[in-house]
Amino acid sequence: MNHSTEIVIREAADSDREAIAGVLLESYSEYSAVLPGPYWAEYRDSILDSVHGNGPVARIVAELDGQIVGSVLLFTSSESAYGRPEMDIHTPIIRLLAVSPAVRGRGVARLLIREAAERSLALGAASLNLHTSDMMASAIKLYEKLGFRRAYETDIKNGDTLVKGYRLELPLSASLQAQETSAAQAGTGLTVL
């Protein structure tokens, strides 16, 4: 039997929603140990509501050997992402980036974010936003490495938790792949996804 080691990034089908929910719960369950029980239950329910809701403009998945091993949801605004039009974000937002613990370290998150950025460019957006908290320290390191910068004006409070806004400015005149290749060749050290 020939097993592919290639990670395929694609649009999720409706039939993939349960697999996406499984990857999300597997990935995010590590936070159940640091969140009090009722908060974890509320967070888990919010995750599942986002997967099964109609808010995302795209559900992007990573597949390896025919199995979904990662996913990210792309929304067009703070209203569609969070039900919060008062945040006044009218450019794409990614939510619930998840990678199965069994395949972490293989660049799956990077590929999912790159696809979300490419789709944001295709929508004519100048930036891509996300929100996270300090308990997701390893994710924050990745986002910063990929070029996301703090967008303090988009911070929100969820109870006592500060949910920090981050933004990636998107190059409108070239694709991300071309910019990354050019930066690498120039030796600038710029890393774009």
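- Counting heavy atoms from C-beta on, the side chains of Ser71 and Arg59 never come closer than 4.5 Å.
- Looking at every heavy atom in both residues, Ala98 comes nearest to Leu112 through O-CD1, 4.1 Å.
- With rounding to the nearest 0.5 Å, the separation of OG1 in Thr76 from CD1 in Ile89 is 11.5 Å.
- The environment of Gln67 atom CD is sparse: at most 12 non-hydrogen atoms of other residues, nucleotides or ligands sit within 6.0 angstrom.
- Taking CG of Leu130 as the start and CZ of Phe148 as the end, the distance is 4.5 Å to the nearest 0.5 Å.
- Residues passing the side chain to side chain contact (heavy atoms under 4.5 Å, CB included) test with Ser127 are Thr91, Asn129, Arg167, Glu169, sequence neighbours excluded.
- Residues passing the side chain to side chain contact (heavy atoms under 4.5 Å, CB included) test with Ala13, sequence neighbours excluded: Ser15, Asp16.
- Atom CG of Leu74 and atom OG of Ser80 lie 8.5 Å apart (nearest 0.5 Å).
- To the nearest 0.5 angstrom, Ile60 atom CD1 is 8.5 Å from Ile94 atom CD1.
- For Asp134, the side chain to side chain contact (heavy atoms under 4.5 Å, CB included) test picks out Ile140, Lys164, with sequence neighbours left out.
- Contact between Tyr28 and Leu96 at its shortest, heavy atoms only, is OH-CA, 3.4 Å.
- Within 6.0 Å of NZ in Lys141 there are 12 or fewer heavy atoms belonging to other residues, nucleotides or ligands.
- Rounded to the nearest 0.5 angstrom, Ser77 OG and Ile93 CD1 are separated by 6.5 Å.
- Residue Leu24 is grouped with residue Met135 when hydrophobic side chains (ILVMFWY) are merged at heavy-atom distances under 4.5 angstrom, including chains of intermediate members.
- Here Glu115 pairs with Arg119 in a salt bridge; the nearest charged N to carboxylate O distance falls below 4.0 Å.
- Closest approach of Leu48 to Leu25, counting heavy atoms only: CD2-CD1, 3.9 Å.
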(request) Could you walk me through whether Lys157 and Val163 pass side-chain contact (heavy atoms from CB on, under 4.5 Å), step by step? (result) CA-CA 6 Å; Lys157 289 288 275 186; Val163 182; over 6 Å; no
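- By the 4.5 Å heavy-atom criterion applied to side chains, Leu168 and Leu146 are not counted as neighbours.
- Between Ala109 and Leu142, the closest heavy-atom pair is CB-CD2, 3.6 Å.
- Side-chain contact between Pro92 and Val57: absent, with no pair of heavy atoms (C-beta onward) separated by less than 4.5 Å.
- If you take CD on Glu18 and CD1 on Ile68, they are separated by 11.0 Å, rounding to the nearest 0.5 Å.
- With hydrogens and angles disregarded, a donor-acceptor distance shorter than 3.5 Å links the side chain of His131 to the backbone of Thr154.
- The list of salt bridge (charged side-chain N to carboxylate O under 4.0 Å, His left out) pairs with a residue in residues 79-97, not counting sequence neighbours, reads Arg84-Glu86.
- Taking both residues in full, the closest heavy atoms of Val51 and Leu73 are given as N-CD1, 4.3 Å, listed atom of the first, atom of the second, then distance.
- Applying the side-chain hydrogen bond (donor to acceptor under 3.5 Å, both in side chains) criterion to Arg150, with sequence neighbours excluded, gives Asp155.
- Remark: Leu111 engages Ile7, Ile9 in a side chain to side chain contact (heavy atoms under 4.5 Å, CB included) (not counting sequence neighbours).
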